[in-house]
Every structure is written in C-alpha cells, then in structure tokens.
Amino acid sequence: MEFLNHLGLGFEAALSLNNLTFCFIGVLVGTAIGILPGLGPLATIAMLLPLTYSLDPVTGLIMISGIYYGAQYGGSTTAILVNLPGESSSVVSCLDGHQMARNGRAGAALAIAAIGSFFAGTIATMLIAAFSPVLAEVAFLFGPVEYFAMMVLGLTAATLLAHGSFIKGVAMVLTGLILGLVGADINSGTYRFTFGYFSLTEGIEFVAVAMGLFAFTDIVTNIRGDQARDVTTPSLRNLWVNGKEAKEAALPVVRGTAIGSVLGLLPGGGAMISSFASYAIEKRLAKRPEEFGHGAIAGLAGPEAANNAGAQTSFIPMLTLGIPSNGVMALMIGALMVHNIAPGPYVMVSNPEVFWGLIASMWIGNAMLVVLNLPLIPLWVRLIQIHYWILYPIILTVCCVGLFSIENSLQPIYFAAGFTLVGCLFWRFRAEAAPLLLGLILGPLMEEHFRRALLLSNGDLAIFYRSPLSIVMLSVAAVMCLVILLPQIRRSRSVAFTENA
Amino acid sequence: MFFRLKDKADVEAGLFFTLFGGLTAGLSLQYQMGTIAAMGPGMFPLILGIMLTAIGLIILAKGVMAGGETIRSLSLKAAFLITLSLLVFAALVLAVGLVAAVPAQVFIALWASDHFTLKRAIALSIGLLLFCYLVFIYFLGVAVPMIAI
C-alpha cells in the first residue's frame with residue numbers, strides 16, 4: 001500500500017517535537033477562541049494567521065489547521081453549553097446538544113461530540129491520504145481551459161451553498177475578484193488600481209481584508225448584545241457516556257462521517273452543509289423522530305461527526321487543485337502562498353513533507369482534541385462566561401500587532417480599518433462576506449488561466465466548450481444558476497434554512 | 001408605502017455594487033485593452049466591472065420593485081469608534097510605542113460599549129500591555145516597540 005508509505009513520511013514530519021508543540025498550541029488556542037461566542041473559525045484563523053508566518057511552512061500549516069479544528073470543536077462546545085452557536089456549522093448542535101445539556105447530560109453530550117468528531121476525523125484523514133494523489137493525477141491533465149471552468153464552477157457552487165441571497169453572493173464574488181486584481185499585472189507588469197501607492201503593487205493583503213470583514217465587523221455587530229450568559233455547568237462525574245447512549249450514537253456517527261466526507265469534497269461544501277444534511281437524514285431515519293429537538297442523541301452525534309468529516313475532506317480540493325471550497329480554505333491557500341508554495345497538484349511532488357505532514361497532523365490534532373478537551377471542560381465553561389467587553393479590546397490589539405507583524409508595516413492595519421467600514425456596510429445590506437474572500441484569492445489565478453486559454457486558442461472563445469471536461473463543469477455551473485433563479489426552488493431553499501436556524 | 005426605498009437592503013446593495021462595478025470599469029479604461037487573443041491589463045477588469053454593474057442594476061431593480069429584506073441597523077457609534085481605535089493604534093505604535101498605542105486603542109474601543117468605566121479601561125490596558133510584552137515581544141520576537149522614543 002503506497003499510501004501507508006506516504007503516511008509514514010507524514011508522521012515522521014508531524015511527530016517532530018517542534019511540530020507537535022505547535023499543533024498542540026494551535027488546537028488549544030483554536031479551541032479557546034472558538035469557544036467564545038460569535039467568533040467562528042474564519043475570524044479565529046484570520047486573527048492568528050500572521051503569527052504563523054515566521055514558522056516553517058510545515059509547522060505553520062500544522063498550527064493553522066490545528067486552530068481550524070480546534071475552533072470547530074470549540075464552537076460545538078459553546079453550542080451545547082449555552083445554546084449559542086459559535087459558528088454556522090454548529091447551529092445544528094444547538095438543537096439537540098443543548099437539550100441534552102438541559103436534561104443533565106451535558107457531559108455525555110460533549111463526550112459524544114468529541115468522540116464522534118474523532119472517529120470522523122480519523123476516517124476523513126485516511127480518505128484524504130488515499131484520494132488526494134488520485135485527484136492530483138487528474139489535476140495534472142488540466143490545462144488553463146479546465147482550470148478556468150473549474151474555478152467558475154467552484155465559485156458558483158460556493159455562492160449557492162452559502163447562506164443569504166444568491167445574486168448578492170455573485171456580486172460579492174465579483175467584488176472579490178476585482179479586489180484580487182489590484183497590483184502588478186502578471187503579463188505586462190502594469191500596475192493596476194494602485195493609485196500611485198507602491199505598497200499596493202503586491203496586491204491587497206488578504207489577512208487585512210479577512211480581519212476587517214470578519215473579526216472587526218463581528219465586534220461592531222456584537223457590542224450591543226453584551227450581557228452575562230447562562231451556562232449549563234456539567235459536572236465531570238457525568239462525563240461518561242452510558243451504554244445505551246453509546247449504542248444510539250454509533251450508527252449516526254458512521255452515517256454522519258460518510259455524509260460529511262462526500263459533501264466536504266464538493267466545491268462549496270464543508271462543515272455547515274454536512275451538519276445540516278446529516279441532521280435531516282437522522283431525523284428521517286429515526287424510529288422516534290418526535291425526540292428530535294428534545295435531546296435526541298442521534299441528532300447530536302450525526303451532525304457532529306459530519307461537520308468534522310466535511311471540514312477535513314474540504315482540504316482535498318484545496319490541496320490537490322488549489323481551489324478553495326469555502327472561506328477557511330481560501331485563508332489556507334493564502335497561508336500557503338505566503339510560504340511560497342503554490343497550491344495545486346505540484347505540492348505533493350515538490351513539498352511532500354508539507355503535504356503528508358499536514359495530513360498526518362490532522363489525525364494527531366484530532367486525537368489531541370479528545371485528550372485535551374474533555375478534562376478541560378471546566379476551564380472552557382469559565383471562558384464562555386467572560387464578558388464581551390473584556391474580550392473585544394483584546395481581540396483588537398492582538399489583531400493589530402498581528403497585522404503589523406506580517407511585514408513590519410502599518411499598511412495592513414489601515415486596510416483592515418477600511419474594510420471594517422466596508423464590512424459593516426455589507427452586514428447592513430445583508431451581503432455575506434465569505435464569497436468575497438474566495439474571489440479575492442482566486443482573482444489573479446482566474447485571470448491568468450482565462451488569458452492563457454484565449455492565447456492558446458488565438459482568441460477563439462469556443463475553446464471553452466471544446467474541452468469535454470470544461471463543458472461539463474461550465475454546464476453544471478449554468479444549471480445551478482438557472483435552478484436557483486426559479487422561484488419554486490428558491491422558496492424551498494429559504495424554508496430549508498429557516499427550519500434549521 | 002408604495003415607493004418606500006429607504007431601509008431596503010437590496011436597494012442599498014444594488015447601488016453599492018453598481019457604483020463599484022462602474023468605477024472598476026471606468027478605471028480599467030486607462031490600461032491597455034489588447035485583443036481577445038492577447039489581452040492587455042485592462043480587459044479582464046473591464047469585463048468584471050461590466051458584469052458587476054449589470055448584476056448591481058438587477059439587485060437594485062429587484063429591491064425597487066419587489067421590496068425584499070430590510071437593512072439590519074447597526075450602531076454607527078460602534079462602527080466609528082472601532083475603526084478609529086485601529087487608526088489610532090497604527091498612528092501611535094511606531095511613533096510612541098505600544099505603551100501609548102494599546103491604552104489609546106482600549107479606551108476608544110471600550111467607549112463603544114455600554115460597560116465603559118475608567119477603571120475597567122485602565123485594568124484592561126495594563127493587562128494587555130503585559131500580554132503583548134510577554135507573547136509578542138519576548139516569546140514571538142515581533143519587531144514592535146514597547147517604547148519607541
């Protein structure tokens with residue numbers, strides 16, 4: 001089995017003392033910040049990203065992904081204990097998880113979430129190890145035409161599956177693509193939209209955009225709702241899952257893992273969709289569906305496994321094709337680029353220790369989560385009770401120092417300030433900001449492939465429907481757009497979202 | 001209440017995207033267009049700008065005709081103070097150092113909250129300064145000055 005050799009190489013890289021330490025710090029800090037209500041993985045990663053820039057590529061990436069699943073898990077903890085989803089993918093965990101907590105089974109709920117996530121993480125890690133090389137082989141066949149088509153499909157699907165209005169999502173993607181073009185043009189070297197500022201020639205710092213649009217805008221919108229929170233404090237004696245509960249959780253965990261693994265692969269998929277889908281399926285399969293919403297174990301175990309599996313398998317398109325399927329993956333690509341690694345099928349060949357080290361560290365990180373988090377529950381409970389007025393000045397200062405440290409310059413702070421105002425505007429007129437981030441990352445790549453494709457075809461636009469792969473991808477994207485514009489489906493989509501919210 | 005355009009999310013969003021798209025398209029005209037086969041630096045931004053303008057107009061039309069969602073109001077004071085706190089931090093950190101930038105940021109940012117008291121702001125500033133020194137300067141070695149003068 002070749003992939004076992006690869007995994008061996010990965011574990012060798014991931015198990016170095018240095019990498020283990022940073023994985024541990026990432027998981028710990030990620031959980032601690034993810035637990036704070038209102039701070040999802042996107043804001044958490046954006047906040048901590050600059051601090052990883054000084055590390056080696058492998059170590060930096062291992063730490064960021066540690067932060068990612070730490071934040072993911074932290075969000076579930078908050079959802080179960082206070083009925084406040086820390087992020088969109090744990091909205092579902094609120095439904096039955098919090099009910100279990102109110103029934104005095106908070107410890108068991110947290111344990112099921114942790115163990116379910118660990119199981120899903122293990123399977124998803126193996127899937128990544130097995131399928132990434134296969135997908136990368138396919139990606140080697142891609143030319144500029146196919147890449148362009150795939151980006152169109154990826155962006156369409158990501159916008160479609162994000163919440164909020166579809167057409168505003170498309171507008172946000174386009175806005176992001178335009179912002180991504182700022183800087184020197186790759187072919188001619190012309191400085192575009194730099195308005196005479198030399199610092200803009202390398203483009204707008206994407207961490208500044210992400211912090212402005214997510215972390216800082218969140219602060220502005222959360223300041224008002226600052227009040228003490230009612231937390232169900234689980235006693236540690238109650239942590240153990242009893243036999244009946246374990247039996248009820250087992251199958252949903254397996255099904256959730258399968259659903260999450262598949263949905264995470266799709267462009268636009270990932271943790272949130274996976275948890276919604278798993279909840280819906282468990283409810284349908286349940287012998288007593290009326291228990292759902294009143295502390296059904298399947299309603300917690302399935303979605304928790306699914307969101308973790310989805311969060312992990314969404315790394316596959318990012319690592320092999322260089323296409324981010326959601327905002328978090330867009331940030332990961334940005335992080336790779338900072339370390340001068342161009343995401344795509346070549347990563348596996350040119351930086352195998354980065355690729356396999358990251359994959360091995362996912363499993364280690366998941367194991368750390370289980371070991372670390374269950375004993376630390378009392379600490380997390382204290383964290384949730386911290387007042388928001390203590391938190392947000394800390395977030396602001398940590399972010400500012402982080403922005404400064406990117407290249408020892410004040411420029412990113414000014415940009416983040418500007419994007420905070422823009423982010424408030426987006427929030428005001430209900431435009432979701434995540435699609436903008438995808439566009440920002442993909443803007444230069446998309447232009448490059450578009451121009452190269454037309455250069456190859458000598459200006460003939462027909463090249464986009466001569467390649468069979470490209471025509472399939474573009475048609476799927478077109479069908480998606482058409483479908484969403486039909487009012488019937490639009491209505492049922494909004495129903496699906498309100499039902500789960 | 002037929003033509004009440006105020007507070008409609010889609011009207012504001014439509015205007016924003018139309019203006020931004022138009023601006024992009026306009027600005028991209030100053031760069032070389034090239035041909036479809038050998039595109040200059042201005043072509044791709046022009047295409048995106050036109051597409052965004054078109055979509056902005058559709059959103060605007062949708063907002064004017066169908067209504068749709070209303071805007072979410074947010075505290076102007078908070079938006080202004082948080083942004084200001086970032087700018088003040090940037091202005092002070094290299095000129096005077098963290099000892100001035102952190103307290104200034106904390107005071108301005110905390111002012112946006114209902115829970116502002118002088119005592120809290122001072123306590124938070126001191127704690128944050130210690131944290132910054134330990135984590136950023138001592139442990140991570142970020143080249144940010146505690147005292148610049």
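Order of the sequence lines fixes the chain letters, A, B, ..., with proteins taken first and strands second; residue numbering starts at 1 for each chain. Remember, it's a predicted structure, so these values are computed and weren't measured experimentally.
- Taking the six-membered ring for Trp and the full ring otherwise, the centers of B:Phe16 and A:Phe426 sit less than 6.0 Å from each other.
- Of the atoms belonging to B:Glu12, heavy atoms from both backbone and side chain fall under 4.5 Å from chain A.
- B:Ser28 touches chain A through backbone and side chain together, each having a heavy atom under 4.5 Å away.
- For the atom pair CD1 (A:Ile223) and OG (B:Ser75), the distance works out to 7.0 Å, reported to the nearest 0.5 Å.
- Note that CZ of A:Phe193 and CG of B:Leu23 are 8.5 Å apart. Values are rounded to the nearest 0.5 Å.
- With a 4.5 angstrom heavy-atom cutoff, A:Leu455 touches chain B via backbone and side-chain atoms both.
- Proximity to chain B is absent for every atom of A:Leu403, based on heavy atoms less than 4.5 angstrom apart.
- For the set B:Gly42, B:Ala112, B:Ala38, the count of heavy-atom pairs under 4.5 angstrom toward chain A peaks at B:Ala112.
- By the neighbour-count criterion of 12 heavy atoms within 6.0 Å, atom CD of B:Gln32 is sparsely surrounded, having that number or fewer from other residues, nucleotides or ligands.
- Here the CG atom belonging to B:Asp10 is positioned 6.0 Å from the OG atom belonging to A:Ser165, to the nearest 0.5 angstrom.
- Heavy-atom pairs under 4.5 Å with chain A peak, among B:Val144, B:Leu74, B:Val135, at B:Leu74.
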task = Begin with the C-alpha distance, continue with both residues' side-chain angles, and end with the deciding distance and a verdict on side chain to side chain contact (heavy atoms under 4.5 Å, CB included) for A:Cys400 and B:Gln105.
result = CA-CA 10 Å; A:Cys400 279; B:Gln105 182 169 47; 3.3 Å; yes

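- For B:Thr35, no part lies near chain A; criterion is any non-hydrogen pair under 4.5 Å.
- The contact between A:Thr190 and chain B is made entirely by side chain atoms (from C-beta outward), counting heavy-atom distances below 4.5 Å.
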request  = List the steps and the verdict of side chain to side chain contact (heavy atoms under 4.5 Å, CB included) for B:Arg120 and A:His387.
outcome  = CA-CA 12 Å; B:Arg120 286 173 171 176; A:His387 283 276; over 6 Å; no

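- Checking side-chain atoms of A:Arg428 against main-chain N and O of B:Ala9 turns up no donor-acceptor pair under 3.5 Å.
- Heavy atoms of other residues, nucleotides or ligands lying less than 6.0 angstrom from OH of A:Tyr414 number more than 12.
- The contact between B:Phe131 and chain A is made entirely by side chain atoms (from C-beta outward), counting heavy-atom distances below 4.5 Å.
- A donor-acceptor pair is defined here as one N or O able to donate and one able to accept, closer than 3.5 Å; no such pair exists between the side chain of A:Tyr388 and the backbone of B:Ser113.
- Of the two parts of A:Leu179, only the side chain, counted from C-beta on, holds a non-hydrogen atom closer than 4.5 Å to a non-hydrogen atom of chain B.
- Taken to the nearest 0.5 Å, the CD1 atom of B:Ile47 stands 4.5 Å off from the CZ atom of A:Phe450.
- Considering all non-hydrogen atoms of both residues, B:Met39 and A:Arg451 come closest at O-NH2, 3.0 Å.
- In this structure, the side chain of A:Arg192 engages the main chain of B:Pro41 through a donor-acceptor pair within 3.5 Å.
- Looking at A:Ile178, the atoms closer than 4.5 Å to chain B (heavy atoms on both sides) sit in the backbone and in the side chain alike.
- Both the backbone and the side chain of A:Val398 come within less than 4.5 Å of a heavy atom of chain B.
- Inter-residue side-chain proximity for B:Thr83 and A:Phe216 is flagged as unmet; no heavy-atom pair is nearer than 4.5 Å.
- Across every non-hydrogen atom of B:Ala90 and A:Leu410, the tightest pair is O-CD1, 3.3 Å.
- Taking each heavy atom of A:Ala171 and B:Ile59 in turn, the nearest pair found is CB-CD1, 4.0 Å.
- A heavy-atom distance below 4.5 Å is not found between the side chains of A:Phe429 and B:Val11.
- Atoms CG and CE, on B:Leu48 and A:Met446 in that order, are 8.0 Å from each other to the nearest 0.5 Å.
- At a 4.5 Å heavy-atom cutoff, B:Ile108 makes no contact with chain A through either its backbone or its side chain.
- Within the 4.5 angstrom heavy-atom criterion, only backbone atoms of A:Tyr191 (N, CA, C, O) approach chain B.
- Residues A:Asp185 and B:Phe44 form no side-chain contact, since every pair of their non-hydrogen atoms from C-beta on lies 4.5 Å or further apart.
- Listed here is the closest heavy atom pair of A:Trp389 and B:Leu124: O-CD1, 3.7 Å.
- By the 6.0 Å contact criterion, CZ on B:Phe80 is open, its count of non-hydrogen atoms from other residues, nucleotides or ligands being 12 or less.
- Contact record, A:Pro393 with B:Leu110: CG-CD1, 3.9 Å, taken as the closest heavy-atom pair.
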inquiry  = Using side chain to side chain contact (heavy atoms under 4.5 Å, CB included), reason through A:Phe195 and B:Leu27 one step at a time and then give a plain yes or no.
reply    = CA-CA 10 Å; A:Phe195 304 101; B:Leu27 284 172; 3.8 Å; yes

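- Heavy atoms only, all atoms of each residue included: A:Arg430 and B:Thr70 are closest at NE-O, 2.5 Å.
- Only the side chain of A:Ser188 has a heavy atom closer than 4.5 Å to any heavy atom of chain B.
- Residue A:Asn408 touches chain B through its side chain alone, counting heavy-atom pairs closer than 4.5 Å.
- Contact count versus chain A (heavy atoms, under 4.5 Å) is highest, among B:Ala109, B:Ala78, B:Ala13, for B:Ala13.
- The distance from the OG1 atom of A:Thr175 to the CZ atom of B:Phe17 is 4.5 Å, given to the nearest 0.5 Å.
- The part of B:Val93 that comes within reach of chain A is its side chain, from C-beta onward, which places non-hydrogen atoms under 4.5 angstrom from that chain.
- For B:Leu128, the part lying near chain A is the side chain, with the backbone staying farther off; criterion is any non-hydrogen pair under 4.5 Å.
- Residue contact with chain A, scored on non-hydrogen atoms closer than 4.5 Å, is absent for B:Leu81.
- Around the CZ atom of B:Phe116, the shell of radius 6.0 Å holds more than 12 heavy atoms that belong to other residues, nucleotides or ligands.
- For B:Val142, the part lying under 4.5 angstrom from a heavy atom of chain A is the side chain only.
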